[in-house]
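Both counts, for ligands and for their atoms, begin at 1 and track the order of listing. Just the heavy atoms: all of them, side chains too, but no hydrogens, waters or symmetry mates, feed the values below. Counting from 1, the numbers follow the sequence of the chain as shown.
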Amino acid sequence: MDVGFGRNKKEQLEPVRARVTGKIPTWLQGMLLRNGPGMHTVGETRYNHWFDGLALLHSFTIRDGEVYYRSKYLRSDTYNANIEANRIVVSEFGTMAYPDPCKNIFSKAFSYLSHTIPDFTDNCLINIMKCGEDFYATTETNYIRKINPQTLETLEKVDYRKYVAVNVATSHPHYDAAGNVLNMGTSIVDKGKTKYVIFKIPATVPEDRKKGKSPLKHTEVFCSIPSRSLLSPSYYHSFGFTENYIIFLEQPFKLDILKMATAYIRGVTWASCLAFHREDKTYIHIVDQRTRKPMPTKFYTDPMVVFHHVNAYEEDGCLLFDVVAYEDSSLYQLFYLANLNQDIEEHSRLTSVPVLRRFAVPLHAAQDAEVGSNLIKLTSTTARALKEKDNQVYCQPELLYEGLELPRINYAHNGKRYRYVFAAEVQWSPIPTKRQSCATTWWTPRIKGNRPTQCLPSRISPSQAERVELKLGRLIFFVKILFVEHLLYPRDNAKCCAVTCP
Ligand SMILES: CC1=C(/C=C/C(C)=C/C=C/C(C)=C/C=O)C(C)(C)CCC1
Ligand SMILES: [Fe+2]
């Protein structure tokens, strides 16, 4: 069952020296940890969706101009159960699995019932989080897995619910200046309420550090935002963070809790419990970190689907934030392996292009401003915030760049005005079956004086950057290995270095 896309990857347990073209500056030392799906078939069974694959951890150790690579599958409970059964027995985002096909009717019924409140997967395939001195592999459920960054061994399984009431949490946490982790999760129908919970995990607790205890024990709720709906909270993949504010988009891409509660018995996937409500608005919640409360103004914008916040910053009494936005939720559709492995146009279902949009919200109430007036007076952006009645403000974004995803920034610039976004370019191929030889692009808004005037994509030739080309019908997705970006970032005019993974 070996298919082109989603082929099972081999572990590289012993570090191997990577082939380096160009020169890695000697001051660049350290380790880059990455995560992602590595195995999509177990025995005769196969996951449906790319986001379902079993987590494969990667490390790149950079030392004296050399790079050493190794990889290892996360030995999650999910991985172990699947391997032992030689088939998929744990449900993932796009695949519903049934552990015991041979059970009699009574134990089957019991199994269904016990799944009404589902125990989610600990296949932490999305990201790596640093928490005090510890590293965790993360996904979007209530589980994270501690790992040893040196050996990539899998350590403790942590259930966020032991420390904070969340059923799902993002895999894109933020870090404040002191290294504390700030993350968000959703607490579903807990004590009759559904809310979005922002929580803080301290970097270190001095007395615990000596005893080798985890700072997770000291997790505290920073702020919670009631969901507009008890049974259909928004789905979100990330949020925005500056020194003083947190930006949360309550978007009309929602989880249907009733559908989720019956998914197992109906034999449908978690993915089918997510829906885009194009008739709804996107609500913009701004939490003031000093008061730990959301601002009372009701900021909103048109319906959209955002996976990635890029960065946010404050400027002259306004909060600006950049996100990659879609007009619908077709991105998730696209990543079904059946679609990814098709060549033909009909299977490319990305009906909206990811667009980098800049929003601006005024931080101070403009009580006396006229209804219909634009509350953004900045010359650096064309984003507008139009005052409406009943303390409502409609936000109209500035379009910064069309066709990019997987954005990264140098995190030292998080929350501040910034110049570079490193991303993968998403392109529509005019000829469906023809491969395009286009270089990976990253977006560099050229700042002239105080004013970012235009976004000029600067190209790097394919030989300079290691890239993975995902050909998706009419869409071509060039995924540049982020490692290259990290190497390139630190100096504006740094020479390109490419590292080829073995
Ligand atoms: C298993 C599971 C989930 C997993 C979602 C995943 C795995 C999302 C991955 C998203 C990515 C990688 C987006 C990139 O832009 C939900 C829906 C949270 C809740 C139900 C159980
Ligand atoms: Fe992401």
Handout entry: Which of the ligand 1 atoms, numbered from 1, are nearer than 4.0 Å to a heavy atom of W270
Key = 1 (C), 2 (C), 20 (C), 21 (C)

Completion exercise
In ligand 1, the atoms that come under 4.0 Å of a heavy atom of H308 are 15 (O)

Problem - Verdict with reasoning, Y418 to H413, per ring pair (Phe, Tyr, Trp, His ring centres under 6.0 Å) - result: CA-CA 6 Å; Y418 69 120; H413 294 256; 8.2 Å; no

Exercise for the section: Identify the protein heavy atom lying closest to atom 19 (C) of ligand 1, giving its residue, its atom name and the separation to 0.1 Å. Expected result: V168 CG1, 4.0 Å

Handout entry: Mode of I126 contact toward ligand 1 - side chain, backbone, both, neither (heavy atoms, under 4.0 Å)
Key = side chain

Fill in the blank from the handout: In this structure, CZ of F359 is separated from CG of L319 (nearest 0.5 Å) by 12.5 Å

Fill in the blank from the handout: If you compare H237, H49, H172, M260 by their heavy atoms, the one closest to atom 13 (C) of ligand 1 turns out to be H237

Practice task
Using a 4.0 Å heavy-atom cut-off, say whether F93 meets ligand 1 through its side chain, its backbone, both or neither.
Solution key: both

Practice task
Without swapping roles, check the side chain of T138 against the backbone of I144 for a donor-acceptor pair under 3.5 Å.
Solution key: no

Exercise for the section: Scan Y235, Y236, W270 and name whichever one has a side chain to side chain donor-acceptor pair (under 3.5 Å) with E140. Expected result: Y235

Exercise for the section: Check E405 against ligand 1 and report side chain, backbone, both or neither, counting heavy atoms closer than 4.0 Å. Expected result: neither

Handout entry: Ion pair D190/K195, N-O distance below 4.0 Å
Key = no

Completion exercise
If we number the atoms of ligand 1 from 1 as shown, the ones under 4.0 Å from a heavy atom of E140 are 5 (C), 6 (C), 8 (C), 10 (C), 18 (C)

Fill in the blank from the handout: At the Fe ion (ligand 2), NE2 of H237 and NE2 of H308 open up to roughly (10° bins) 100°

Handout entry: Proximity of Y332 to ligand 1 by residue part, where a heavy atom lies under 4.0 Å
Key = side chain

Exercise for the section: Could you tell me whether the side chains of D77 and Y143 share a donor-acceptor contact shorter than 3.5 Å? Expected result: no

Problem - Q12 versus Y69, side-chain donor and acceptor atoms under 3.5 Å - result: no

Practice task
Mark up the atoms of ligand 1 that fall under 4.0 Å of a heavy atom belonging to F120, in ascending order.
Solution key: 20 (C), 21 (C)

Exercise for the section: Say whether D159 and N142, considering side chains only, have a donor N or O and an acceptor N or O under 3.5 Å apart. Expected result: yes

Handout entry: Per-atom contacts, ligand 1 versus F307 - under 4.0 Å to a heavy atom
Key = 15 (O)

Exercise for the section: Would you verify that at least one protein heavy atom lies under 4.0 Å from atom 16 (C) of ligand 1, or report that none does? Expected result: no

Problem - Residues D280 and R228 bridged, charged N to O under 4.0 Å - result: no

